[in-house]
Amino acid sequence: MTATRVPTGTDLTDPTDLTDLAALVARREPGRPLEGAFYTSPAVFEADVAGVLSRTWLFVATEAELREPGDFLTVEVGSYSVMLVRDDDEVVRAFHNVCRHRGARILAERAGSVGNLVCGYHRWTYATDGALLHAGDQPPGFDKGCFGLRSVHLRLVAGLVFVCLADEPPTDFDELVATVTPYLLPHQLHRTKVAAQVDLVEEANWKLVMENNRECYHCEGGHPELVRTFFPTYGYAADAIPARLRPAHERYLRAEAELEQACEERGMPYRAVEELDDRVSAYRVQREALDGAGESYTLDGRSASRRLLGDLDSPRLGRLSLHTQPNAWFHFLADHAVTFSVLPLAAGRTLVRTTWLVHEDAEEGVDYDVADLTHVWRETNEQDSVFCERAQLGVSSPGYLPGPYSASEYQVDAFTTWYLDRVEEHLAR
Amino acid sequence: MTATRVPTGTDLTDPTDLTDLAALVARREPGRPLEGAFYTSPAVFEADVAGVLSRTWLFVATEAELREPGDFLTVEVGSYSVMLVRDDDEVVRAFHNVCRHRGARILAERAGSVGNLVCGYHRWTYATDGALLHAGDQPPGFDKGCFGLRSVHLRLVAGLVFVCLADEPPTDFDELVATVTPYLLPHQLHRTKVAAQVDLVEEANWKLVMENNRECYHCEGGHPELVRTFFPTYGYAADAIPARLRPAHERYLRAEAELEQACEERGMPYRAVEELDDRVSAYRVQREALDGAGESYTLDGRSASRRLLGDLDSPRLGRLSLHTQPNAWFHFLADHAVTFSVLPLAAGRTLVRTTWLVHEDAEEGVDYDVADLTHVWRETNEQDSVFCERAQLGVSSPGYLPGPYSASEYQVDAFTTWYLDRVEEHLAR
Amino acid sequence: MTATRVPTGTDLTDPTDLTDLAALVARREPGRPLEGAFYTSPAVFEADVAGVLSRTWLFVATEAELREPGDFLTVEVGSYSVMLVRDDDEVVRAFHNVCRHRGARILAERAGSVGNLVCGYHRWTYATDGALLHAGDQPPGFDKGCFGLRSVHLRLVAGLVFVCLADEPPTDFDELVATVTPYLLPHQLHRTKVAAQVDLVEEANWKLVMENNRECYHCEGGHPELVRTFFPTYGYAADAIPARLRPAHERYLRAEAELEQACEERGMPYRAVEELDDRVSAYRVQREALDGAGESYTLDGRSASRRLLGDLDSPRLGRLSLHTQPNAWFHFLADHAVTFSVLPLAAGRTLVRTTWLVHEDAEEGVDYDVADLTHVWRETNEQDSVFCERAQLGVSSPGYLPGPYSASEYQVDAFTTWYLDRVEEHLAR
């Protein structure tokens, strides 16, 4: 006869209001993680949605998911629901997934294809450009022009779909676009298709999910599949490489030299641009070498798809890695791309959507095998999910005290600093 | 490999207090639905229970469910639990389902039959009139007369059971009773039995459930079974019938003329009395014609029970429809009656209890078939449940803006107005 | 076709803050149970954890669960998680189950054995005395001495493990220890092993679980297995025994006289010491006779384990019963011991952990049968769980009014009084 496990870490009460939030922000010690309430309080989560997530550009999808006119996706951010739809003029648009009549959710499916956008409740019918086409039983003076769908700002960045829920989105996104586009172009994401997509719901606050991504201090012990190709020296200063990682560091230096030469020959940008905490539309982009065969995220480092992206002429172009605040990271390889979108659901629950893209002409079973293509990141995501859920449980305890970041966690610190700047802006509004 | 759907619309945080509620009420635009917080906020739900649902007369059961002395029902409204019991003197009484000792719930079952009402915890025993009969281990001076069950106000209206949780119920209920009783009497509900009862839990606020019932603007597209007999012109002004509904309207006019004559011949009242928003005990009653064979809610409009209710001499008496604020609607037909009781469980969860009554002498399998009898409204309820849940999801989004009611939704507007009047009274107390 | 039951009593909203709590405390009528908000409000639960449960000594485990160096247990109290571990020097220690780096939960398992305590996230490694042994990638000046595990106060009391989460635990625990240790010593719990352990999650507030334990007013009707040996006259004043219980009372008096003689002969203390409400570390201890064969909690009262505890020379030594505020009760018999630890999870959810201990040399299947050993209290716990859940549902209703305690519920009153004293101290801080 043995004891039954009991789920814990739930049902926490919440004393936090905005006054408390200001105190929490003021109390933060530089170089240390946030206090527990940032991760557990529904009131902080509400402030996160209102002040951070709805005020910044969020990565929510890839253009490859919306290939034909009428194709749509729905995406949830907190209690928001957004429809993305490719209009008949090929433009991808975003709207609130809310009928202008009595507020019913219009599209219930995650993805599909439509002619018009029809609310199933009272048959109000909208065009894919958002215009109200039909509403029954209205008085003569009813102006359909006043009741089009409410649009959401949308930007396409070399095949990546970003939205911003604010009325006035941050304007510095243009600089992000200008900087990262040349890095992305060679992969020609508009000529890709979705090979696989996995939604993982993690019982953890969205910031823990992001913080986990922003360091590889946990990779060496925690991600056996990933570190077959991802150098576990990531984030370490060159003069702080532990002895056991020196051989890997030597391999890294050689692979980097080779990669830089390949990029120079092809005119492909590769140097790191890191603007993670001093602007609203913050990001980091860099092309870096991979370990092993150096081609892709597989166990031996060889390509997972025989059909390379775009017009690339070599499989050995490392990983172009992009981080965007507040909710995404990406890896673009010669043979495929993998994108990660973090979609907060509640204070302690987060959806991580991972999408694998291959060349639109690649044939499943011929050019690539889905299980092989997705193996490393499926395993890595599952491992990260366990880490994040353990962190959520731990920081929920009143016994938690934020400890020091290690040097290789400097990007976690950058994320935290960026986040607190956004909260302060929100509190000042 | 495909994406996993994630349930959303839950875990919303709640910034609403009574100050906010007053602001929400003040901000409401006439002719438009309520803002989202009215449907999602636990604080508003608490105010709904304290200020609206516990201050007005609620329809909770039919007398047919309590046929013999000792028969009982339990009904939950929010966190209230009420016992309805037919006393030995045949009177139906209502009590809080809470022991006067340490507060244990006395009856755990939904329905049954008892001699006395015995709390299973410490065996405190009450008579069916609420008197405390026995409590062990009490001191000599213990006065059993002080610890009888706390009663709840109850009114029988021609076989329908209404309760009011307030100490002082609205007095204008008498006028409702006086008006609607003559309409109900021919159906002789006290001589009916329950043929079927279905509880449906909808993930939607109770007001969305009520609002959905108060219009048929969604029927034409949403209720294919119902509109075989229920004229989809319901709610439309005679001069605003859309062209496609003109044939139905012509049939309606003919059927109405025939029905009016039948009622006049039998001395049965049929004209609409509509008092939906200018009094606390608000209601609407009218006998109207049905489409098809005009007899009952079946696919062809023919009777579902061969044994007519009471002493009715014709199956073709249309539908006597009754709406009562805040939580019920009813249809009384020649061959059966169907009642709907809306029992709020939480801000985003509502129980809809549907009860089909047939003549007490009707034999199942001979005079009626339960599947046939219940088909139309089971389908209709399920369809409405989807509508209400989509509305709940949509109005939970910060992207929701209340849009205009159509003309045929005037009873939704009346419900909303009535509800806000009750909230204002509550805030003024 | 029948109605579907709907779970209720959940999703209650919570208007309680500390001001309300002070009003609730002030409003309490002596001799009556607490008002409903004490049992349903998340804010009160938070105050219970912060002001009562984390300020007093909690019984959480038995030493028999930590027999070897490296053996560990984890225990949750609200959102706290505590690790208990037997250090290499045989000392049992307690720590917050939270990494000093970024707060991850270190041990996810309920029990096991370890060499060091390793956080699985970034491999920070602690000795079983809490010292930080290893943290990778730290700057030269990093002082490991500053980042040992945060300890939790722990006391062993004759084989029972108590912890206190406060920085400064109540000092009057020493007197409890001094008083109860002589009662416990003959059972030699350090020479026992766990025969069985059962976790039961009850959908009820922890105080209802405690209050249920503090009286046997409900035993006569509610615990048919228990009252085979537990005299149902428990708690009754000698001059208030109901007529039907007089025969049992006569047996009790005879058995008590015999037990007292046996104790006197062996120099074993047995008289009641009752300090239930006038001190922080409050308790009650007494050795009392059992009905039936008088040996153990079985259906016939005979021993369930042939190997008696310690060096006891007779199976007929009744039950040594210990109650400790706020969260435990115990019965020590000649042949086994059974301990009960109440671990609050949320306002309306509580874990009750029951542990049966037998002599370390007793052989399962030879000296004892687990099903027989545990039968009476497994049944009794399940019955109590139903009582507590019914009480939770009942006191959640606004229709609940606290009624009078009977005379035999005086220990419930003592618990309530003790609890309110702690809340008042908390509000005064």
Side-chain angles (χ1 to χ4, degrees), chain A residues 14 17 41-46 49-50 54 76 78-82 95-106 108-111 119-124 135-139 142 146-147 150 152 165 195-201 343 345-349 351 353 355-356 370-371 374, chain B residues 1-15 32-36 39-40 204 208 211-212 215-222 233 235-237 240-242 244-245 383-384 386-409 412:
Chain A
D14 181 29
D17 61 18
S41 154
V44 172
F45 180 72
E46 180 184 29
V49 173
S54 70
E76 279 85 47
S79 52
Y80 283 97
S81 179
V82 176
F95 306 102
H96 286 286
N97 189 5
V98 180
C99 184
R100 292 300 307 278
H101 173 220
R102 274 166 55 195
R105 181 163 285 188
I106 296 170
E109 300 74 30
R110 182 118 155 79
C119 177
Y121 199 172
H122 301 92
R123 317 300 297 173
W124 281 38
D137 190 31
Q138 295 303 329
F142 179 74
C146 296
F147 296 102
R150 297 184 72 197
V152 172
L165 292 155
Q197 186 170 73
V198 172
D199 280 3
L200 189 61
V201 176
L343 298 167
L345 299 172
R349 190 145 33 95
L351 171 65
R353 177 166 295 160
T355 307
W356 287 261
V370 172
T374 59
Chain B
M1 206 174 291
T2 57
T4 310
R5 286 315 317 275
V6 178
T8 55
T10 52
D11 295 87
L12 306 173
T13 55
D14 181 29
R32 298 216 170 180
L34 302 170
E35 288 185 50
Y39 304 109
T40 60
L208 290 177
E211 290 165 26
N212 175 73
E215 46 93 359
C216 225
Y217 184 27
H218 69 274
C219 290
E220 197 185 348
T233 49
Y236 281 90
I241 306 289
R244 72 183 181 285
L245 294 181
Q383 292 151 3
D384 281 331
V386 171
F387 293 142
C388 293
E389 292 180 3
R390 281 191 169 205
Q392 182 73 22
L393 286 170
V395 301
S396 298
S397 171
Y400 161 60
L401 281 182
Y405 288 130
S406 76
S408 68
E409 289 169 296
V412 185

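In the text below, chain A, chain B and the rest are named by the order of the sequence lines, each starting its count at 1. All values below come from the heavy atoms of this structure, side chains included, with hydrogens, waters and symmetry mates left out.
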Asks: What part of I106(A) is in contact with chain B, defined as an atom under 4.5 angstrom from a non-hydrogen atom: side chain, backbone, both or neither?
Replies: backbone
Asks: With a 4.5 angstrom heavy-atom cut-off, could you sort out which part of E211(B) is near chain A: side chain, backbone, both or neither?
Replies: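 Both backbone and side chain.
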Asks: Taking E389(B) first and then R105(A), would you say they form a salt bridge - that is, a charged N and a carboxylate O separated by under 4.0 Å?
Replies: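 Not counted as a salt bridge, because no side-chain N and carboxylate O are separated by less than 4.0 Å.
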Asks: Name the region of F95(A), side chain, backbone, both or neither, that has any atom closer than 4.5 Å to a heavy atom of chain B.
Replies: neither
Asks: Roughly how far, to the nearest 0.5 Å, is CZ of R102(A) from OH of Y217(B)?
Replies: 9.5 Å
Asks: Assign the ring pair F387(B) / Y121(A) to parallel, tilted or perpendicular, where the plane angle (0 to 90°) is split at 30° and 60°.
Replies: parallel
Asks: For V412(B), is it the side chain, the backbone, both or neither that has a heavy atom under 4.5 Å from a heavy atom of chain A?
Replies: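 For V412(B), the contact with chain A is made by the side chain alone.
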Asks: Under 4.5 Å from any heavy atom of chain A, what part of Y236(B) do you find: side chain, backbone, both or neither?
Replies: side chain
Asks: Using a cut-off of under 4.5 Å on heavy-atom pairs, state which of C388(B), P398(B), G221(B) scores highest against chain A.
Replies: P398(B)
Asks: How about Q197(A) and R110(A): do any of their side-chain heavy atoms sit closer than 4.5 Å?
Replies: yes
Asks: So, do V152(A) and L165(A) sit near enough that their side-chain heavy atoms are less than 4.5 Å apart?
Replies: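 In short, these two side chains touch, coming nearer than 4.5 Å.
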Asks: Looking at G235(B), G399(B), A240(B), G403(B), which has the largest count of heavy-atom pairs under 4.5 Å with chain A?
Replies: G399(B)
Asks: Could you tell me how the ring of W124(A) sits relative to the ring of H101(A): parallel (under 30°), tilted (30 to 60°) or perpendicular (over 60°)?
Replies: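 Answer is parallel, since the angle falls under 30°.
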Asks: Given heavy-atom pairs under 4.5 angstrom as the criterion, report whether the side chain, backbone, both or neither of P242(B) touches chain A.
Replies: neither
Asks: Any side-chain heavy atom of L208(B) sitting closer than 4.5 Å to one from V395(B)?
Replies: yes
Asks: Please classify the contact between R150(A) and chain B as side chain, backbone, both or neither, with a heavy-atom cut-off of under 4.5 Å.
Replies: side chain
